[in-house]
> 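Okay, here's the structure, questions in a sec.
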Amino acid sequence: MLRRLFQKYTRWRVPDWDWIQVEVTTRCNARCGYCPHTAQAEKQTDTDMPLSVFDRLLPELSQAGLVYLQGWGEPLLHPDLSVMIRSTRASGSSVGLTTNGLLLDDRVADNLVALQTDIVALSLAGLGAGNDLRRCGVTFEQVVNAARSLARAKQKAGSSRPAVHIAFLLMRSDLAEIARMPELLEGLGVDQIVVSTLDYPAHPALDHEVIRPRDIAEYARTGEELECAAKLAESHGMQLLFHLTHPERQYSVCTENILRSMYVTAGGDVSPCVFMALGVPGPAGRNIAPLIFGNVRDSALAEIWDSEPYRAFRESFASRQFFPQCRICPKLRQQ
């Protein structure tokens, strides 16, 4: 998803990194059943990134085309989020975030517009009752109301920012209804819908919701359904993007764009992606082991990026001698 955002919203020059994803908090006011923070709550801690740690990033944020202030938590819960957005904008980078929408009322929307936030994505995991069942405390109507608040704030300020996106987590049981989404979102000011399939079921009860085509025929049928939804979205003035896991191919380019981006946790750890930072449940019952290359409390971001272990990780993609975490990851099978 972030690769598409980078291509459209980089404001100037070619940066050293396409994006830096910064987890400003691990706290969340929702209890989505598919999220590791819910399914593995006993392993998680609630942490806000201190401004002192965020300030350690500031000298190098200008080297990123996009700084995305979101990880496994709800960014609008961070008390200093406005400061972080303002500082990121001042660095010269574009800035965005993904929110569940629970806190995004008219006042918050006005603030996000005033701060010239480039992108606000609203997360969904189903249409109507399907979303409400999976996302305890976050209803489809609340997300719709958040989109309306953003539309009103942009109109009042005469601003084209932020672009409003929908981050849609697609479950197998919703595949037949995906074509309804553009019509349900019409008139809300949504620019783009980014569809992700459930790759990492946080609980065995969700295994049946994983969309992973078993053969070429199923891959083609599923792709046709998603392409149909994309055409319908276009007819409603929205762009719909998706990735689909191929049953046979393994690519040498990861959809998480780990050769041109990185992930920084709320505690300052630096990892190639959000999955390896946490160590989430993996496919076939195998967990993704955490992979951390340093902490910004101890070293500058560029020093961590240029360290020998991190370089070895990136070079593994050229040789296709992937690290164990990547060998089992569906992101290498998506186009």
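Being a predicted model, the structure only gives us computed values, none of them experimental.
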> Starting from L232, can I reach L175 by hopping between I/L/V/M/F/W/Y residues whose side chains sit under 4.5 Å apart?
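L175 and L232: separate clusters.
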> Applying a strict under-4.5 Å side-chain criterion to I, L, V, M, F, W and Y, I'd like to know whether L244 and I216 cluster together.
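Cluster IDs for L244 and I216 differ.
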> Please report the C-alpha distance between R180 and E183 in whole Å, then the side-chain angles of each, then the deciding distance to 0.1 Å, and finally whether the salt bridge (charged side-chain N to carboxylate O under 4.0 Å, His left out) criterion is met.
CA-CA 6 Å; R180 294 177 53 228; E183 182 179 355; over 6 Å; no
> How about C254 and F317: do any of their side-chain heavy atoms sit closer than 4.5 Å?
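The answer is yes, as the side chains (C-beta and beyond) meet within the 4.5 Å cut-off.
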> Under the salt bridge (Lys or Arg N to Asp or Glu O under 4.0 Å) test, which residues partner K156, sequence neighbours left out?
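With neighbours one apart ignored, the set is D110.
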> Can you check side chain to side chain contact (heavy atoms under 4.5 Å, CB included) on W72 and V274, steps first, answer last?
CA-CA 8 Å; W72 291 105; V274 63; 3.1 Å; yes
> Is it true that S261 and D18 share a donor-acceptor pair across their side chains at a distance under 3.5 Å?
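Their side chains do not contain a donor-acceptor pair, so the 3.5 Å distance test is not met.
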> Is there a side-chain contact between L115 and S82 (heavy atoms, below 4.5 Å)?
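Yes. Closest side-chain heavy atoms under 4.5 Å.
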> Who pairs with F140 by ring pair (Phe, Tyr, Trp, His ring centres under 6.0 Å), at least two apart in sequence or on another chain?
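Listed in chain order: nothing, the list is empty.
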> If you look at every heavy atom in L81 and P75, which pair is closest and at what distance?
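In terms of heavy atoms, the two residues are closest at CD2-O, 3.5 Å.
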> How long is the gap from CD on Q21 to CD on Q70, to the nearest 0.5 Å?
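Q21 atom CD to Q70 atom CD measures 5.5 Å (nearest 0.5 Å).
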> When L150 is tested against each of V120, D106, L188 for side chain to side chain contact (heavy atoms under 4.5 Å, CB included), which residue passes?
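One option only clears the test, and that one is V120.
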> Is a side-chain donor or acceptor of Y68 paired with a backbone partner of L97 at a separation under 3.5 angstrom?
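Yes; judged by distance alone, with no hydrogens or angles, the pair exists.
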> Do the side chain of R107 and the main chain of L104 share a donor and acceptor less than 3.5 angstrom apart?
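No; judged by distance alone, with no hydrogens or angles, the pair does not exist.
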> Verify the cluster assignment for F293 and F322: are they in a single hydrophobic cluster under the rule of side-chain heavy atoms below 4.5 Å apart?
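Yes; F322 is reachable from F293 via cluster members.
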> Assess the residue pair E60 and D16 against the criterion (side chain to side chain contact (heavy atoms under 4.5 Å, CB included)); give the C-alpha distance rounded to whole Å, side-chain angles, the decisive distance to 0.1 Å, and a yes or no.
CA-CA 10 Å; E60 291 163 302; D16 293 339; over 6 Å; no
> Which distance, rounded to the nearest 0.5 Å, do you find between the CG of L240 and the CD1 of I178?
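It is 6.5 Å, given to the nearest 0.5 Å.
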> Is any side-chain heavy atom of V95 less than 4.5 Å from a side-chain heavy atom of M84?
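Result no, sub-4.5 Å side-chain heavy-atom pair not found.
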> List the steps and the verdict of side chain to side chain contact (heavy atoms under 4.5 Å, CB included) for I20 and V264.
CA-CA 8 Å; I20 299 172; V264 184; 4.1 Å; yes
> Begin with the C-alpha distance, continue with both residues' side-chain angles, and end with the deciding distance and a verdict on side chain to side chain contact (heavy atoms under 4.5 Å, CB included) for F275 and Q325.
CA-CA 9 Å; F275 303 105; Q325 293 89 337; over 6 Å; no
> Write down the atom of A167, the atom of T98, and the distance for their closest heavy-atom approach.
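For A167 and T98, the tightest heavy-atom pair comes out as CB-CG2, 4.4 Å.
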> Which heavy-atom pair separates V113 from S159 by the least distance, and what is that distance?
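Looking at all heavy atoms of both residues, the shortest contact is CG1-CB, 3.9 Å.
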> Nearest 0.5 Å, please: how far is OG in S196 from CG in L170?
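Going from the CG atom of L170 to the OG atom of S196 covers 9.0 Å.
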> Establish whether L259 and M276 are linked, either directly or via other cluster members, by ILVMFWY side-chain heavy-atom contacts under 4.5 Å.
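Yes; tracing contacts between hydrophobic side chains, which count when under 4.5 Å, links both residues.
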> Could you tell me whether R212 and E218 have a side-chain N and a carboxylate O separated by less than 4.0 Å?
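Salt bridge flag = no for E218 with R212.
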> Minimum heavy-atom separation for L102 to A30, with atom names?
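Taking L102 first and A30 second, the nearest heavy atoms are CD1-CB, 4.5 Å.
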> Can you tell me how far the CG atom of L61 sits from the OG atom of S87, to the nearest 0.5 Å?
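Taking CG in L61 and OG in S87, the distance rounds to 8.5 Å.
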> Is any side-chain heavy atom of T117 closer than 4.5 Å to a side-chain heavy atom of R161?
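A side-chain contact under 4.5 Å is absent here.
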> Measure the shortest side-chain to side-chain distance between L122 and H165 over non-hydrogen atoms and say whether it is less than 4.5 angstrom.
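SC-SC contact between L122 and H165 ruled out.
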> Can you list the residues that meet the salt bridge (Lys or Arg N to Asp or Glu O under 4.0 Å) rule with E209, with sequence neighbours excluded?
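Only R134 meet the salt bridge (Lys or Arg N to Asp or Glu O under 4.0 Å) criterion with E209.
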> Taking N295 for its side chain and G267 for its backbone only, find out whether a donor-acceptor pair lies under 3.5 Å.
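Pair found, side chain donor or acceptor close to backbone of G267.
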> Any non-hydrogen side-chain atom of T26 less than 4.5 Å from a side-chain atom of M49?
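T26 does not reach M49 side chain to side chain.
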> Which pair of non-hydrogen atoms, one from S149 and one from A109, has the smallest distance, and what is that distance?
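Between these two residues, the closest heavy atoms are O-CB, 3.5 Å.
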> Enumerate the residue pairs fulfilling salt bridge (Lys or Arg N to Asp or Glu O under 4.0 Å) with a member in residues 220-242, sequence neighbours excluded, ordered by first and then second residue.
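Sorted result for residues 220-242: empty, none.
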> Within this structure, what is the CG-OG1 distance for the pair L76 and T99, rounded to the nearest 0.5 Å?
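Answer for the CG-OG1 pair, L76 versus T99, is 4.0 Å.
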> Enumerate the side-chain hydrogen bond (donor to acceptor under 3.5 Å, both in side chains) contacts for residues 310-324, please, sequence neighbours excluded, ordered by first and then second residue.
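Listed by first then second residue: nothing to list.
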> Side-chain atoms of residues 300-309: list all donor-acceptor pairs with protein atoms under 3.5 Å, sequence neighbours left out, distances to 0.1 Å.
| residue | atom | partner | partner atom | Å |
| --- | --- | --- | --- | --- |
| S307 | OG | I304 | O | 2.7 |

> If we ignore hydrogens and angles and just use 3.5 Å, is the side chain of R56 paired with the main-chain N or O of V296 as donor and acceptor?
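Flag set: sc R56 to bb V296 pair under 3.5 Å.
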> Given Y219, which of E248, H246, R214 fulfils the side chain to side chain contact (heavy atoms under 4.5 Å, CB included) condition?
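It is H246; the other options fail the test.
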> If you measure from CG on D269 to CG on D298, what distance do you get to the nearest 0.5 Å?
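D269 atom CG to D298 atom CG measures 9.0 Å (nearest 0.5 Å).
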> Where the side chain of R172 meets the backbone of V210, is there a donor-acceptor pair that is under 3.5 Å apart?
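Yes, because the side chain of R172 sits within donor-acceptor range (under 3.5 Å) of the backbone of V210.
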> Less than 4.5 Å apart, side chain to side chain, heavy atoms only: is that true for L198 and I211?
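Heavy-atom side-chain distance check fails, nothing below 4.5 Å.
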> Closer than 3.5 angstrom, by distance alone: can the side chain of E256 be matched with the main-chain N or O of C273 as a donor-acceptor pair?
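Not confirmed, E256 side chain does not pair with C273 backbone.
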> With no hydrogens and no angle check, just 3.5 Å: does a side-chain donor-acceptor pair link R260 and N257?
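Distance-only check fails for R260 and N257.
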> Tell me whether L57 is reachable from I292 by hopping between hydrophobic residues (I, L, V, M, F, W, Y) whose side-chain heavy atoms are closer than 4.5 Å.
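No.
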> I want to check something: taking the side chain as every heavy atom from C-beta on, are R135 and N100 in contact at a cut-off of under 4.5 Å?
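Answer yes - side chains close enough.
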> Of all heavy-atom pairs between P213 and T222, which one has the smallest distance, and what is that distance?
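Residues P213 and T222, closest heavy atoms: CG-OG1, 4.5 Å.
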> For V83, is there any backbone N or O sitting under 3.5 Å from a side-chain donor or acceptor partner on D80?
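Such a contact is absent between D80 side chain and V83 backbone.
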> For residues T139 and N131, is any side-chain donor paired with an opposing acceptor at under 3.5 Å?
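There is no such pair (donor and acceptor under 3.5 Å, judged by atom type) between the side chains of T139 and N131.
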> Strictly by modelled atom types, are E74 and T25 linked by a side-chain donor-acceptor pair under 3.5 Å?
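T25 and E74 do not have a side-chain donor-acceptor pair below 3.5 Å.
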